[in-house]
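The structure appears right after this line, and notes come after that.
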Amino acid sequence: MNYLDIAKNQLNKLLADAYGIAVSAGELPEGAVIPPPALSKDVANGDLSSTFGLANAGAFKMPPRNIATLLHSHIDLENSLFVSAEVAGAGYINFRYAQNWYEGVLRAIAAEGDNFGKTVRERPERVMVEFVSANPTGPMTIGNARGGVLGDTLASILEAAGYDVWREFYLNDAGNQISVLGKSLEARFLQALGQDIEFPEDGYHGDYIKDFAASYIADFGDNLLTLSTEERQKALASYVLPKNVAAMENDLARYGVRFDRWYAESELHNSGYVDETIALLTKNGYTYEKDDALWLESTKFGLEKDEVMRKSNGFYTYYATDIAYHRDKLEKRGFDLVIDALGADHHGHTVRFRAGVEALGLNPNRLQFLLFQLVRLVRDGEVVRMSKRTGKSITLSDLLDEIPLDAARFFFGMRNPDVHLEFDLGLAVKASSDNPVYYVQYAHARICTMIAVLEEMGVSIDTEGDYSLLTHETEVDLIRHIAMLPEEILLAAKDYDTSRINRYLVELATRYHRFYDKCRVKDAEPALRQARTMLAVATRQTLQNGCRLLGITAPVKM
RNA sequence: GCGCUUGUAGCUCAGCGGAUAGAGUGCCCGGCUACGAACCGGUAGGUCGCAGGUUCAAAUCCUGCCAGGCGUGCCA
């Protein structure tokens with residue numbers, strides 16, 4: 001249950017009713033706007049507040065405080081979730097939750113358990129999140145790591161927000177990069193066999209190419225020497241591709257990321273779906289031929305220039321294939337919404353993809369993007385570019401060798417996607433208070449130990465308490481914060497900003513630590529002890545539900 | 001040049017139309033005979049990049065500048 005939302009809705013109605021009375025009494029003119037009630041930043045100003053007076057000052061030509069006072073005189077809090085309403089400041093009306101609101105929150109969590117925080121929709125929209133989609137030509141990068149966490153967590157959050165979610169990895173196993181891979185492998189293969197071959201300038205220079213060539217020779221010797229260059233490159237690429245895909249799958253699984261499907265680009269080609277899609281674009285009248293190439297009139301859809309679909313050498317561009325892929329997602333498979341998680345270095349794709357979708361006659365708004373900025377690794381205040389151990393650029397698997405999984409997932413997710421992420425390697429492995437992961441997990445472990453002690457004393461964690469005894473400011477504050485989880489999930493889902501949940505959990509842990517510091521549980525009077533125990537249980541549940549969304553553990557002991 | 005994006009405390013970042021701009025970290029100070037001190041509390045620290053504009057109200061919206069990042073291939 002979203003108790004914040006329930007309170008806001010009720011408050012809206014109370015305000016509308018009061019306004020109706022004021023209008024019929026001739027005290028206020030008609031045509032007011034009733035702004036949605038907002039959470040007060042400062043508890044001194046109550047829990048929810050209305051800016052009705054301020055918002056209508058211009059229209060009514062009355063001082064805001066007078067408007068607020070008039071409206072306030074007609075607000076009836078009888079049988080509501082609020083205990084008080086008062087006019088304050090320049091013209092605010094501030095409301096305070098009544099006891100039954102707090103009790104409702106705690107009862108809801110006890111009843112909902114693992115489902116607390118979720119929103120249920122009658123007809124869930126089908127959403128695909130496509131993420132990582134790293135090139136299968138080499139190891140995954142730190143950028144892929146951030147994309148992996150953001151995509152996977154967004155998918156989880158969308159599920160919790162009531163969507164039917166599908167996770168997909170688009171595997172670029174065709175096209176130019178595969179032929180570059182073949183060329184690079186061939187050069188390394190021949191070099192390893194003693195031939196003096198120049199390495200292609202546009203080839204993949206990483207040492208992993210040498211390693212693969214060596215591993216091929218170890219497995220099969222020099223049997224490719226008799227083949228044509230083309231066949232040799234193909235054979236080497238086909239040898240490496242599945243190995244690399246398996247390695248990626250393995251690294252991602254280690255990272256807690258799994259996909260419903262790895263969609264191979266080659267399928268789009270082999271099935272003729274790319275041909276068919278390009279034919280459709282032509283039929284829609286948006287293509288033309290020039291310089292032996294086939295062009296899309298993308299300028300008709302807001303792009304600066306037209307784009308090539310089929311190159312003069314007869315091959316499709318990535319763009320043509322991507323349009324087919326998005327048609328497959330939206331039209332063939334019928335997802336209501338598709339979200340592509342892209343690194344900011346690919347942000348140019350967003351307008352191009354939308355243009356392609358629109359040229360197909362589909363609504364481009366069904367395609368959305370989670371753009372994230374790149375990652376800067378830092379250790380001891382210095383930017384880290386290379387792996388200490390290997391001297392090469394740091395890969396996802398290097399990172400996982402060094403950083404605990406929970407820390408990696410938390411750190412990659414803890415910033416708003418559109419800000420550059422500074423990843424502090426030193427901090428991530430630190431088991432202390434300044435590490436936010438441990439701070440959150442410590443709160444959970446602390447609750448677990450305390451509850452174990454209480455149960456030994458015979459305190460039940462299955463019976464309700466007299467929640468009206470929870471009146472200390474740290475108790476009340478904790479409950480208020482617990483109640484916000486469903487709303488936080490909805491906001492994170494709406495903005496594609498999963499870092500809200502990271503911040504929420506840190507805040508929740510803070511509220512719990514404060515409560516723990518100020519309010520003894522074990523030594524309290526039995527009735528109060530019972531109520532506080534149930535508050536701790538509710539906090540534990542909320543921490544668990546939040547951690548599950550982020551894909552991190554909530555340990556019983558640390 | 002054009003497009004996207006970011007500029008908030010020493011550092012890393014929240015806040016994105018409402019009441020005195022917040023947190024973590026770092027500096028300094030204080031708190032365990034205790035259900036885990038991996039915790040809590042306090043002091044100090046800010047022309048919210050700059051300049052205009054809209055509004056009862058601007059860090060938040062609009063415009064123009066300045067600075068950083070990214071994009072602008074018959075690469076993907």
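Keep in mind that what you see is a predicted model, and the values were worked out from it rather than measured. Chain letters run A, B, ... following the sequence lines, proteins first, then strands; residues in each count from 1.
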* Describe the nucleic acid contact of A/Asp495 in one word from base, sugar-phosphate, nothing, applying a heavy-atom distance below 4.0 Å. => nothing
* Asked: Among the nucleotides B/rC74, B/rA19, B/rA14, which one has an atom lying closest to any side-chain atom of A/Asn94?
  -> B/rA19
* Nucleotide nearest A/Val521 when distance is taken to its side chain, options B/rC40, B/rC35, B/rA38 -> B/rC35
* Asked: When the nearest nucleotide of RNA chain B is assigned to A/His513 and to A/Ala344 on a heavy-atom basis, which residue is associated with the more 5' position?
  -> A/His513
* Is the closest basic N to carboxylate O distance between A/Lys300 and A/Glu297 below 4.0 Å? -> yes
* Determine the contact category for A/Thr350: base if any of its heavy atoms lies under 4.0 Å from a base atom, sugar-phosphate if only primed atoms, P, OP1 or OP2 are that close, otherwise nothing. => nothing
* To do: Return each pair, listed once, that meets ring-ring contact (aromatic ring centres under 6.0 Å, His included) where at least one residue sits in residues 37-69 of chain A; pairs must be two or more places apart or across chains.
  => A/Tyr19-A/Phe52
* To do: Answer with base, sugar-phosphate or nothing: what part of the nucleic acid does A/Arg529 contact at a heavy-atom distance below 4.0 Å?
  => nothing
* Asked: Rounding to the closest angstrom, what is the interatomic distance between B/rG24 and B/rA67 at atom C1'?
  -> 26 Å
All N/O pairs under 3.5 Å across the protein-nucleotides 2-12 of chain B interface:
unit_1, atom_1, unit_2, atom_2, d
B/rC2, O2', A/Glu304, OE2, 3.1
B/rG3, N2, A/His347, NE2, 2.6
B/rU12, O2', A/Arg415, NH2, 2.9

* Structure fact -> Out of B/rC40, B/rA19, B/rG73, minimum distance to the side chain of A/Lys305 belongs to B/rG73
* Touch check for A/Arg310, heavy atoms < 4.0 angstrom, all strands: base, sugar-phosphate only, or nothing? -> nothing
* Could one point to a donor on the side chain of A/Thr317 or the base of B/rC74 with an acceptor on the other under 3.5 Å away? -> no
* side chain to side chain contact (heavy atoms under 4.5 Å, CB included) partners for A/Val43, two or more places apart -> A/Arg480
* Determine the contact category for A/Val556: base if any of its heavy atoms lies under 4.0 Å from a base atom, sugar-phosphate if only primed atoms, P, OP1 or OP2 are that close, otherwise nothing. => base
* Structure fact -> Looking only at B/rC40, B/rC35, B/rA76, the nucleotide nearest the A/Arg520 side chain is B/rC35
* The single option from A/Tyr319, A/Tyr325, A/Phe369, A/Tyr318 passing ring pair (Phe, Tyr, Trp, His ring centres under 6.0 Å) against A/His349 -> A/Tyr318
* Structure fact -> Of A/Arg511, A/Lys518, A/Arg532, the one forming a salt bridge (charged side-chain N to carboxylate O under 4.0 Å, His left out) with A/Glu475 is A/Arg532
* Where along residues 445-456 of chain A does a heavy atom come under 4.0 Å from RNA chain B, residue by residue in number order? -> A/Ala445, A/Arg446, A/Thr449, A/Met450
* Structure fact -> By nearest-heavy-atom nucleotide on RNA chain B, the more 5' of A/Asn313 and A/Ala44 is A/Ala44
* Asked: Would a 4.5 Å heavy-atom cut-off, applied to side chains only, mark A/Thr317 and A/Glu307 as touching?
  -> no
* Can you sort out the partners of A/Pro139 under side chain to side chain contact (heavy atoms under 4.5 Å, CB included), two or more places apart, ordered by chain and number? => A/Tyr208, A/Thr395
* If you measure from the ring centre of A/Tyr516 to the centre of the six-membered ring in the base of B/rC40, is it under 5.5 Å, with the planes under 30° apart? -> no
* Is the distance from OP1 or OP2 of B/rC75 to the nearest side-chain N or O of A/Lys311 less than 4.0 Å? -> yes
* Looking at the rings of A/His481 and A/Tyr504, which for Trp means the six-membered one, are their centres under 6.0 Å apart? -> yes
* **Who pairs with B/rA38 - Watson-Crick or G-U, where each distance is under 3.5 Å** => none
Protein-nucleotides 53-59 of chain B N/O pairs closer than 3.5 Å?
unit_1, atom_1, unit_2, atom_2, d
B/rC56, N3, A/Leu54, O, 3.1

* Could you state the atom-to-atom distance from CG of A/Asp477 to P of B/rA23 in whole Å? => 13 Å
* Asked: Base, sugar-phosphate alone, or nothing: which one does A/Asp523 contact when heavy atoms must sit under 4.0 Å apart?
  -> nothing
* To do: Could you tell me whether A/His513 and A/Tyr439 have their ring centroids closer than 6.0 angstrom?
  => yes
